[in-house]
Amino acid sequence: MYDNQCTKSMENKSLSQSYLNELNDIQRKAVVTIKGPVLVVAGPGSGKTRVLTYRIANIIESGVAPWEILSLTFTNKAAKEMKERIAKVVGDRAHKVWAGTFHSVFAKILRVEAQHIGYSPNFTIYDTDDSKSVLTKIISGMNLNKDKYKANIIKNRISSAKSNIISPVGYRQQKSLLEQDSIAGRPKTVDVYEKYMAKCKASDAMDFDDLLYQLFYLFYKFPEIAKKYQAKFKYILVDEFQDTNHLQYSIMRKLVNYGDSERNICVVGDDAQSIYGFRGATIDNILDFEKDFKPHGIQTFKLEQNYRSTEHIVQAANEVISYNSKQIQKKIWSHKGSGNKINILKVASDNEEGSRIVHQILEQKNRDHLSNSDIAILYRTNGQSRIFEEYLRRYNVPYRIFGGLSFYQRKEVKDALAYLRIAINPNDEEALLRSMNYPKRGIGDTTLTKIRSHATENSVTLRAALKTVDLPARVKAQVRRFEKLLTLHEELAQKQDAYESSHTIIKNSGIIELLKKDTTPEGQARIDNLGSLLDGIKDFVENDEFSELTENSDDRSLTNYLQNIALVSEQDKSDESSDVVTLMSVHAAKGLEFPSVFVVGLEENLFPSFMALESQNIDEERRLFYVAITRAEKLLTLSFANSRYQYGNLRHNSPSRFLEEIDANHYDNPSVIKKQYGGTGTLDKSDEPRRAALTGISKSKRSLPKVEVDMANFKPSPSDSLEEGMKVLHLKFGKGKILSIEGGKGNRIASIQFESLGDEKKRIMLKFAKLQILND
DNA sequence: GAAGTGATGTTTTTT
DNA sequence: ACATCACTTC
C-alpha cells in the first residue's frame with residue numbers, strides 16, 4: 001500500500017520494535033502517545049489507518065485488555081479491515097477489541113440495556129425505507145397535505161433534530177425550528193415527529209438515528225449505566241472524525257470526558273475531507289474537541305507526508321483546497337517524485353467522454369501495464385455510470401459498479417424479510433403491514449381499516465387484533481388463516497435455526513410462487529435474489545460470517561441473524577480479488593486509492609453540483625473534488641464535456657471552476673481549460689422555465705469577474721450582525737450592498753447587489769456567506 | 001384489484 | 001430519460 005514503507009507482514013514476536021520502525025516520526029508519536037486526549041489530523045494518503053491500527057496494537061502491548069478498547073469507524077468494512085490489520089501485529093486477541101461502526105457498537109450496547117428505556121432486547125432496526133413508510137402512514141393518518149409533508153423531507157427534519165439531540169419536546173421549544181417549518185408550510189412537523197417516535201416505540205423498533213439517540217438518552221437518564229461503560233472503555237479511538245455529527249460526538253464525549261477519567265481518547269480525521277455535511281456531519285466537532293479537551297492536555301499531530309501520490313497530484317490538491325477559507329492549516333507533501341502531469345480531457349459530449357476514457361483505459365493497460373483493478377472512474381452522481389458501462393462492455397473491459405440499491409433494499413428481499421421480522425417481533429407493524437396482503441390474500445384496505453380501528457378501540461396491537469377482530473365470514477377466514485401462519489412462524493423461529501426457519505417461512509409466504517408467474521428476466525432475477533438471501537442465511541448458520549459483530553457468535557437463531565443484517569451492507573462483503581475496473585461515486589471512493597483515476601464530468605452544475613451552487617455552499621464540493629483527485633497514485637485524468645444529457649435535456653455546462661483552481665503547470669495540456677465554451681449552462685430545448693425554477697440558475701451565470709480582495713485584512717462579520725442597507729465585502733464578489741433580508745433567524749437569505757455584477761442581484765444565505773461589514 | 005395515466009422529482013450515503 | 005407514485009377507470 002505504502003510502498004516506501006515496508007509492509008511485509010511480520011511474525012508474532014518482538015513486535016514492539018518492528019512496527020514502530022515502519023513509521024515516520026510524527027506517526028510514531030501518534031502511536032506511542034496512548035494516554036490523554038490526542039487529535040490526529042491526517043491528510044489523504046498519510047498512513048492514517050496504519051497509525052490507528054498500530055496505536056491499538058501498541059495499547060494492547062502495553063498491557064490493556066483488548067475489550068477495554070473501543071474503536072469507532074464509519075463502515076463495517078473499515079472496522080473489519082482494522083481488526084485484520086491489528087491481528088497481524090498482536091494475533092487473535094485483536095478480535096476482542098470493540099471495533100465497529102457507531103451504529104453496530106451502540107446497537108450491541110442497546111440490546112443489553114434497552115429494557116431500561118422501554119424496548120425489548122430484540123428490538124427491530126428500521127432502515128430508511130421503513131422509516132419513510134411509517135412517516136407516510138402517519139402523515140396521511142393526520143390528513144396532512146402529502147405534497148407539503150413529503151416523507152423524505154420530514155425524515156430529514158427528524159433525523160437532523162435527533163442528530164442535534166432535540167426531542168419532540170425540545171423541538172417545540174425552539175422557535176427557530178418551528179418558524180422554519182411554518183415558512184416551509186409544514187407547521188405540524190413537530191407533531192409528526194412526536195407520533196413517529198411513539199409509533200417506533202410501540203413497534204419495538206429503532207431507526208438508525210435512534211441507535212445513537214436512544215443510547216444518549218439512556219446514558220443521560222441512567223448515569224449508573226453510563227458509568228458502567230465509562231469504566232469499561234478505557235481507550236477510545238474514532239476514525240473519520242470529520243464525518244461525525246453532534247450526537248455522535250456527544251456520546252463519545254460522555255464516554256470519556258468525566259470526572260477523574262484519564263481521557264484516553266484519540267480522534268483521527270481530516271477537515272479537508274469532510275464530505276458528509278449534508279447528512280449532519282460537522283467540522284465543529286473538531287473545534288469542540290480541541291476546546292473540550294484543552295484543559296486535559298490535548299496533543300495534536302499532523303500527518304502531512306503523503307505516501308500515495310506523485311507530486312503534481314499532491315500539489316494540485318493543495319492548490320484546490322486553499323480556496324476554502326475555513327480549514328486547519330496543513331500542506332501535504334510527497335517524496336514520490338513529480339510523476340506524470342495531470343491529463344486533462346476536453347470532449348464534446350457525454351457520449352464522447354465515455355468513448356475517450358475507455359480508449360484511454362485500454363491505452364494505459366497497454367502502455368503502463370496496468371490491470372483493470374488499478375483503474376477507477378469516479379463521478380459526482382451515480383447516474384453518470386451508464387455511458388461508461390456501455391463503452392466498457394463494448395470493449396470487453398470487465399468492470400464493477402459500486403453504489404445504487406443495496407441487496408437488502410430490493411423489494412423482493414424486503415418483502416421476504418418482512419415475514420422473517422414479524423416472526424421475531426410481533427409488534428413490528430411495518431413488517432406486519434407489508435406482509436399482510438402480499439402476496440394478495442384478500443385483505444384489502446377496507447379490512448385493514450377495520451382491523452386498525454379494532455386495535456385502537458381495544459388498545460391492542462395490530463398483531464393481536466388479527467385474532468379478535470370481527471369481519472365478514474370470508475375475509476375473516478383469510479385473516480385468521482394469516483394469523484395462524486404468523487403464529488406458526490413465531491414458533492418456528494424459536495425452535496429452529498435461522499436457515500431452517502427462514503426456509504420454511506419464505507416458502508409459506510407464497511412470494512416465490514407469485515414471482516414464478518413473472519417470466520421476464522427481471523422476475524427470474526428476483527427469484528434468484530431470494531435464493532441468494534437464503535444462501536446468505538445458510539452461510540450465517542454454517543460459518544462465522546458475522547461473528548465479529550455479535551455478542552454470542554454461537555447464536556444461530558433467526559433473531560440473531562436479523563439483528564446483524566440490519567447494520568451490514570453488501571459492500572462489507574465485497575471481494576477485492578477480481579480484476580475489474582472500478583466505477584463509483586466520489587463519496588464512495590473515500591479511503592480508497594488507485595494507480596490510475598479518472599474523475600469525470602467536471603462541469604459547472606454537475607461538479608460542483610447545481611444544488612451546491614444554489615445554496616452558495618461549494619466548499620463541501622471542493623472538498624469532494626479534493627478527495628477525488630487524492631485517490632490517484634500515479635495517473636490522474638480529469639474530463640469535462642461541452643454538452644451532456646441531464647434529466648432528459650441536452651445541456652451545455654462550462655468547465656468546472658475547480659479545474660481553474662489547479663495551477664496550469666500541473667496539466668499536460670493546460671490550454672484546454674482556458675476560455676472557449678460559450679457554454680453557460682443553457683439548454684437546447686426550450687423548457688427553460690421549469691429548469692430555471694428548479695435550479696435557480698439563470699442563463700447568465702458564470703464567468704464571474706475576478707475581484708481583488710485584500711485577503712489579509714478580510715474578517716467576515718458574524719452572520720447575525722448583518723442587516724439591510726449595510727455595505728459589505730465578499731471574498732469573490734467584492735463590495736456590495738444588502739438590499740433586503742428574508743427568512744428567519746439562522747436561515748436568513750439576503751439579496752445583495754455587488755458592484756462587480758452590475759444589475760444582477762445575488763441571493764446569499766447568510767449562514768454560509770462570508771461577508772465583512774464595511775463601515776464607510 | 002388490475003391496469004393505465006399523468007404528475008413529479010430527481011447530489012452525494014452509512015447505518 | 002426515467003422511475004416512482006398517487007389516482008383514475010374499468
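The sequence lines fix the lettering, A, B, ..., with proteins before strands; numbering per chain opens at 1.
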Starting at CD of A:Q646 and ending at P of B:dT11, how long is that distance when rounded to a whole Å?
10 Å
Heavy-atom distance under 4.5 Å between the side chains of A:N437 and A:F482, does that happen here?
no
Suppose we screen for side-chain contact (heavy atoms from CB on, under 4.5 Å). Which residues come up paired with A:A632, at least two apart in sequence or across chains?
A:I313, A:V597, A:L636
When you measure from the side chain of A:E621, which nucleotide among B:dT13, B:dT15, B:dT11 comes out closest?
B:dT11
Please classify the nucleic acid contact of A:Y276 as base, sugar-phosphate, or nothing, using heavy-atom distances under 4.0 Å.
sugar-phosphate
Please classify the nucleic acid contact of A:F278 as base, sugar-phosphate, or nothing, using heavy-atom distances under 4.0 Å.
base
In whole Å, what is the span from the CD atom of A:Q384 to the P atom of C:dC2?
16 Å
When you look at A:F102 and A:F74, which way does the ring-ring contact (aromatic ring centres under 6.0 Å, His included) test go after all the steps?
CA-CA 7 Å; A:F102 279 88; A:F74 266 81; 5.7 Å; yes
Quick one: is B:dT13 close enough that its OP1 or OP2 comes under 4.0 Å of any side-chain N or O from A:T128?
no
Among A:N245, A:D209, A:D207, whose side-chain hydrogen bond (donor to acceptor under 3.5 Å, both in side chains) with A:K162 holds?
A:D207
Test side chain to side chain donor-acceptor pair (under 3.5 Å) on A:Q646 and A:N653; report intermediate values, then the result.
CA-CA 11 Å; A:Q646 260 175 306; A:N653 292 316; 3.2 Å; yes
If you check every side-chain atom of A:R380, which of B:dT11, B:dT13, B:dT15 has the closest atom?
B:dT11
Starting from P on B:dT14, measure out to CZ on A:F102 and report it in whole angstrom.
16 Å
Euclidean distance, atom CZ of residue A:F607 to atom P of B:dT12 [Å, nearest integer]
12 Å
Set out, in order, the CA-CA distance, both residues' side-chain angles and the distance that settles side chain to side chain donor-acceptor pair (under 3.5 Å) for A:T381 and A:Q384, then state yes or no.
CA-CA 6 Å; A:T381 67; A:Q384 289 165 256; 3.0 Å; yes
Check the distance between B:dT14's P and A:F241's CZ and give it to me in whole angstrom.
21 Å
Rounded to whole Å, the CD-C1' distance (A:Q242 to B:dT14) equals 14 Å
Side-chain contact check for A:Y647: nearest option of B:dT12, C:dA1, B:dT15 is C:dA1
For the base of B:dT15, is there a side-chain donor-acceptor partner from A:S104 under 3.5 Å away?
no
With sequence neighbours excluded, tell me which residues meet side-chain contact (heavy atoms from CB on, under 4.5 Å) with A:K476.
A:D470, A:L471, A:R480
Euclidean distance, atom CG of residue A:L212 to atom C1' of B:dT14 [Å, nearest integer]:
11 Å
Does B:dG9 have OP1 or OP2 sitting under 4.0 Å from an N or O in the side chain of A:K150?
yes
Assess whether one donor atom and one acceptor atom, taken from the side chain of A:T381 and the base of B:dT11, lie less than 3.5 Å apart.
no
Under 3.5 Å, which N/O atoms of the protein pair with N/O atoms of nucleotides 1-7 of chain B?
from: B:dA2; atom 1: OP2; to: A:K440; atom 2: NZ; distance (Å): 3.1

Rounding to an integer number of Å, can you tell me how far A:N605 CG sits from B:dT12 P?
15 Å
What contact category does A:S585 fall into here, base, sugar-phosphate, or nothing, at under 4.0 angstrom with non-hydrogen atoms?
sugar-phosphate
With side chains defined as the heavy atoms from C-beta onward, is the minimum distance between A:P44 and A:D270 less than 4.5 Å?
yes
A:N382 side-chain N/O to B:dT11 phosphate OP1/OP2 under 4.0 Å:
no
